[in-house]
Asks: 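Got a structure here, written out as structure tokens. Questions coming.
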Amino acid sequence: MFQDPYTSLNPSHTIGTILEQPLIINRLGDGSKGRKHLVKEMLRKIGLDDWHADSFPHQLSGGQRQRVGIARALMLNPEFIVLDEPVSALDVSVQAQILNLLKELQQELSLTYLFISHDLNVVHYMSDRVAVMYLGQIVELAGVQQLYERPLHPYAQALVSAIPTENRQTKRERIVLQGELPSASERLSGCTFRTRCRHAHERCAAEQPSLAEREPGHWVRCHLHSLA
Ligand code: SF4
């Protein structure tokens, strides 16, 4: 499922045609009539009406288009869906509706999501396990509570410290990252985070840390937490 509901739907096709495409390509559905029936069933499942099948994308709101994006992803009855920033282009009130719909569908259809997002509140709401990435590498991987309550990697610590909280007891000191972000094409020796890490030491420039399990289910890529 794509990020931008304004550019990920073909503007010259009706919603019905867009949703029928995966069935046609995979030779599924019982003829044209059967496919149209499946499309209407899916539209109802994602909170739209049968008549939306005859609408064009420009006639729908951003939230409705993103519902169509969800429907398209579901047309082949998948077990696993990759959602690439699925709500970042939407208004906050619409974001909540789409996230709740995704959660309901996950329960109903026993789906597994790989949910990609920069919004840490959204990640917290949607995830069971979280992988924090820096320059294309996983630097920490843990259960959502483990990660938000006790992040181990300095980058994850900075991210979590930036989450606004009203609760004084859980308020953390904000860690502001300094230093330069190396370009993705630059091959930096040692740890890729070392140009911005306040704990960087000699070993960090010489040796790349590997991802190691520090507690059951809690993995981190950092020399501060390596066993050697
Ligand atoms: S390996 Fe070194 S530079 Fe990298 S995150 Fe850990 S302490 Fe910082």
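Ligands are counted one by one from 1 in listed order, and the atoms in each one are counted from 1 as well. Fair warning: this is a prediction, and the values are worked out from it, not measured in the lab.
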Asks: Suppose I only count heavy atoms of Leu224 and a 4.0 Å limit; which atoms of ligand 1 are within that range?
Replies: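 With Leu224 as reference, the close atoms of ligand 1 come out as 7 (S).
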Asks: Donor-acceptor check, side chain of Gln3 to backbone of Asp84, threshold 3.5 angstrom: yes or no?
Replies: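 Absent.
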Asks: Would you indicate whether the side-chain heavy atoms of Ile163 and His124 approach each other to under 4.5 Å?
Replies: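 The answer is no; the side chains never approach within 4.5 Å.
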Asks: Give me the residue, atom name and distance of the protein heavy atom closest to atom 4 (Fe) of ligand 1.
Replies: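 It is Cys191 SG, 2.4 Å.
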Asks: Arg198 versus Gln178: any side-chain heavy-atom pair under 4.5 Å?
Replies: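 Arg198 does not reach Gln178 side chain to side chain.
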Asks: So if I count the atoms of ligand 1 from 1 in the order they appear, which ones are less than 4.0 Å from some heavy atom of Pro154?
Replies: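 Checking each atom against Pro154, I get 5 (S).
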Asks: Can you pull out the closest protein heavy atom to atom 5 (S) of ligand 1? Residue, atom name and distance to 0.1 Å, please.
Replies: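 Residue, atom and distance for the closest contact: His153 NE2, 3.5 Å.
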Asks: For a 4.5 angstrom cut-off between non-hydrogen side-chain atoms, does Val144 reach Val123?
Replies: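 No. Closest side-chain heavy atoms not under 4.5 Å.
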Asks: Where does Cys222 meet ligand 1, judged by heavy-atom distances below 4.0 Å: at the side chain, the backbone, both, or neither?
Replies: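 Both backbone and side chain.
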Asks: For the backbone of Ser110 and the side chain of Gln106, can you confirm whether one donor and one acceptor N or O come within less than 3.5 Å of each other?
Replies: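 Pair absent, no side-chain N/O of Gln106 close to backbone of Ser110.
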Asks: Give me the residue, atom name and distance of the protein heavy atom closest to atom 2 (Fe) of ligand 1.
Replies: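 Minimum-distance protein heavy atom for atom 2 (Fe) of ligand 1 reads Cys204 SG, 2.2 Å.
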Asks: Would you indicate whether the side-chain heavy atoms of Gln66 and Met1 approach each other to under 4.5 Å?
Replies: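 Contact flag for Met1/Gln66 side chains = yes.
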Asks: Got the closest protein heavy atom to atom 8 (Fe) of ligand 1, with its distance?
Replies: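 Heavy-atom neighbour on the protein nearest atom 8 (Fe) of ligand 1: Cys197 SG, 2.4 Å.
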Asks: Suppose we measure from atom 1 (S) of ligand 1 to each protein heavy atom; which comes out shortest, and what is that distance?
Replies: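 Here the nearest protein heavy atom works out to His223 N, 3.3 Å.
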Asks: Give the atom numbers and elements of ligand 1 that come within less than 4.0 Å of a heavy atom of Arg194.
Replies: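 Answer, ordered by atom number: 3 (S).
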Asks: For Cys204 and Arg194, work out which heavy atoms get closest and say how close.
Replies: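 Heavy atoms of Cys204 and Arg194 come nearest at O-CD, 3.4 Å.
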